[in-house]
There are 2 protein chains.
Amino acid sequence: MIVSADRPSVTPPLPPLTAPVEDYLKAIYELESRQGSATTSDVAEALAVAPASVTGMVRRLAAQGYLDHVPYRGAQLTDAGRRAALRTIRRHRILESYLSGILGYPWDRVHDEAEQLEHAASDELIERMAAALGFPTVDPHGAPIPTADGTVEERAHRSLADWPTGEPALMARVSDKDAALLRYLADIGLQPGTEVTVLHRAPFDGPLTLRIGTADVMVGPRVASQVLVAAPTPLRPPDAC
Amino acid sequence: MIVSADRPSVTPPLPPLTAPVEDYLKAIYELESRQGSATTSDVAEALAVAPASVTGMVRRLAAQGYLDHVPYRGAQLTDAGRRAALRTIRRHRILESYLSGILGYPWDRVHDEAEQLEHAASDELIERMAAALGFPTVDPHGAPIPTADGTVEERAHRSLADWPTGEPALMARVSDKDAALLRYLADIGLQPGTEVTVLHRAPFDGPLTLRIGTADVMVGPRVASQVLVAAPTPLRPPDAC
DNA sequence: CGGCGTGTTTAGGCTCGCCTAACTTAGGGT
DNA sequence: ACCCTAAGTTAGGCGAGCCTAAACACGCCG
Ligand SMILES: [Mn+2]
Ligand SMILES: [Mn+2]
Ligand SMILES: [Mn+2]
Ligand SMILES: [Mn+2]
């Protein structure tokens with residue numbers, strides 16, 4: 001009688017993930033959802049680590065069932081890996097929201113703090129913070145907060161660089177990684193929820209003239225391309241007019 | 001020309017302490033202030049680690065100037081070691097206060113959470129939490145919070161087990177380490193600031209009858225010995241009567 | 001089709017923090 | 001004074017994460 005028992009379906013109790021492992025899974029998740037799969041050098045760059053270190057870690061994580069790895073071809077998360085990544089991302093974004101919303105942190109300094117705390121905070125703490133915030137659905141930079149059971153609603157936004165001239169838009173999201181950019185955006189009054197209109201776009205990748213509130217501001221194309229926007233009041237059903 | 005350059009007096013920029021190192025220094029500080037010096041096995045017990053591991057770590061910390069170690073005789077913190085320990089203790093106690101005071105944690109669960117967060121939180125976060133609390137001077141268990149520049153005011157309390165019968169006292173402090181004891185004390189309404197009177201003490205290490213508020217409660221001597229108390233309203237000047 | 005460069009992996013090595021097993025030391029008891 | 005035991009240290013080893021240097025694979029380009 002032959003019993004095939006490779007990869008038992010009943011998972012034995014896994015040890016808690018270490019901080020580096022959580023950061024790898026998070027980075028791979030983000031690269032994967034942007035580029036389809038995560039290459040060794042992209043992960044290395046994202047984590048400021050040598051490529052050889054990534055190869056080693058990826059091999060370990062594949063052995064533990066968090067991802068599939070085809071040598072020379074990149075890595076892709078398994079369900080277990082995606083679950084773990086989304087858990088860390090949830091913690092990160094709730095922490096950012098709490099620091100910004102309750103403790104008065106400026107939005108350009110919440111990321112670094114959350115990058116550490118996401119590995120130390122208990123589930124109870126995270127849920128208490130979420131409750132104190134009224135269970136927010138997006139973080140201070142407009143990124144969606146995964147639910148506790150591991151689902152995210154990723155909205156497909158357009159870049160302000162592509163948005164048609166003259167049509168008002170709502171600022172929706174910006175990366176949390178570039179603190180200087182965030183400070184600049186705060187300066188000119190651009191944050192998630194702000195209405196913004198592209199008044200004019202100079203040719204040859206020239207600057208854009210924006211109307212933000214009552215003020216007109218000129219920004220470079222590098223800034224505009226980083227700012228994601230959406231159509232205003234997209235929540236009302238289409239037949240409501 | 002001979003220049004003696006061993007042990008330069010200008011300290012080079014030290015790398016940030018790791019979480020285990022912070023926990024060692026904290027444990028040694030606490031043992032030292034309770035027993036004069038910290039023995040290898042006491043530290044091992046406090047950190048749930050093998051004695052051999054302590055010997056190794058103590059050797060490293062001595063080499064880095066955080067403590068003095070006489071083999072077979074125990075360890076004592078240097079000024080640098082004491083500073084580092086008090087910094088971690090400050091963070092721990094502010095975190096406990098914040099979790100309990102702002103996030104509604106029960107006081108028996110703040111310790112474990114703070115034990116992790118104390119290594120991850122930035123100075124800015126700690127100071128923002130302290131500010132949100134109005135710069136508290138004691139934590140939820142009555143332990144004094146060291147100042148940012150590294151001083152603590154340790155009050156010499158007496159145990160409830162020794163307190164004279166009939167004289168009212170104020171509950172002042174209890175260890176944060178035993179969650180079950182903390183739950184019990186919360187149950188019977190004993191927390192820092194509560195007035196308590198020993199009505200009767202049964203002989204041969206028998207139970208104590210306490211008056212807490214309007215209720216009478218009997219507690220064992222093991223509980224009473226853990227509860228530290230002080231004379232009521234010790235803040236009013238003596239000539240105020 | 002063969003060579004070449006970029007990207008990846010392998011090989012070997014390091015520190016930190018922990019372990020167990022074997023030893024040494026200090027110090028109290030006889 | 002000596003021995004015995006408890007406490008402490010040494011020896012040797014392990015896994016996690018990182019590194020550099022060297023070998024190698026893929027796929028593009030001539
Ligand atoms: Mn972030
Ligand atoms: Mn992180
Ligand atoms: Mn505590
Ligand atoms: Mn700790």
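FYI, side chains are in, hydrogens and waters are out, and symmetry mates aren't considered; it's all heavy atoms of this structure. Computed from a predicted model, the values in this text were never measured in an experiment.
No donor-acceptor pair under 3.5 Å is formed between the side chain of A:Thr40 and the backbone N or O of A:Tyr72.
Following rounding to the nearest Å, A:Arg59 (CZ) and C:dT8 (P) show an atom-to-atom distance of 17 Å. Rounded to whole Å, the distance from CD on B:Glu22 to P on C:dC16 is 16 Å. Distance CZ (A:Arg60) to C1' (D:dC18): 11 Å, rounded to an integer number of Å. We find that CG of A:Leu61 is positioned 11 Å from P of D:dC18, with the value rounded to whole Å. Atom CD in A:Gln35 sits about 13 Å away from atom P in C:dG7, given to the nearest Å. The CG-C1' distance, from B:Leu31 to D:dG8, rounds to 16 Å in whole Å. As a whole-Å value, the separation of A:Asp23 CG from D:dA16 C1' is 15 Å. What separates CG of A:Asp42 from P of C:dT6 is a distance of 17 Å, to the nearest Å.
Closest-nucleotide positions on DNA chain D for A:Ala52 and A:Arg73 were compared, and the one nearer the 5' end corresponds to A:Ala52. Judged by closest nucleotide on DNA chain D, B:Gly56 is the one of A:Ala50 and B:Gly56 placed further toward the 5' end.
Residues B:Thr39 and B:Asp42 have side chains that bring a donor and an acceptor to within less than 3.5 angstrom of each other. Between the side chains of A:His119 and A:Asp23, a donor-acceptor pair is found at a separation under 3.5 Å.
Among the protein residues, A:Val54 comes within range of no part of the nucleic acid, since none of its heavy atoms lies under 4.0 Å from any strand. Using a 4.0 Å heavy-atom cutoff across all strands shown, A:Thr40 reaches sugar-phosphate atoms only and no base atom.
Looking at B:Leu117 and B:Tyr98, their side chains never come closer than 4.5 Å, going by heavy atoms from C-beta outward.
The listed nucleotides are D:dC18, D:dT20, D:dT9; the one nearest the side chain of A:Met57 is D:dC18. Here C:dG17 is the nucleotide among C:dT8, D:dT10, C:dG17 with the atom lying nearest to any side-chain atom of B:Val21. When distances are taken from the side chain of B:Pro51 to each of C:dC18, D:dC19, D:dT9, the shortest belongs to D:dT9. Side-chain proximity of A:Pro20 to the nucleotides C:dT9, D:dC19, D:dC18 is greatest for D:dC18. The side chain of A:Tyr72 has D:dC24 as its nearest neighbour among D:dC24, D:dT20, D:dC18.
For the side-chain contact (heavy atoms from CB on, under 4.5 Å) test with B:Pro146, the passing option among B:Arg90, B:Glu154, B:Arg83 is B:Arg90; the others fail.
A:Ser41 has a side-chain polar atom (N or O) that falls below the 4.0 Å cut-off from OP1 or OP2 of C:dT8. Checking the phosphate oxygens (OP1, OP2) of D:dC19, a side-chain nitrogen or oxygen of A:Ser53 falls inside 4.0 Å. Contact annotation: A:His69 side-chain N/O to C:dT8 OP1/OP2 distance is not under 4.0 Å. Applying the 4.0 Å criterion to OP1 and OP2 of C:dC16, one finds that B:Thr18 has every side-chain N and O outside that range.
To the nearest 0.5 Å, the span separating CZ on A:Arg109 from CG on B:Leu125 amounts to 12.0 Å.
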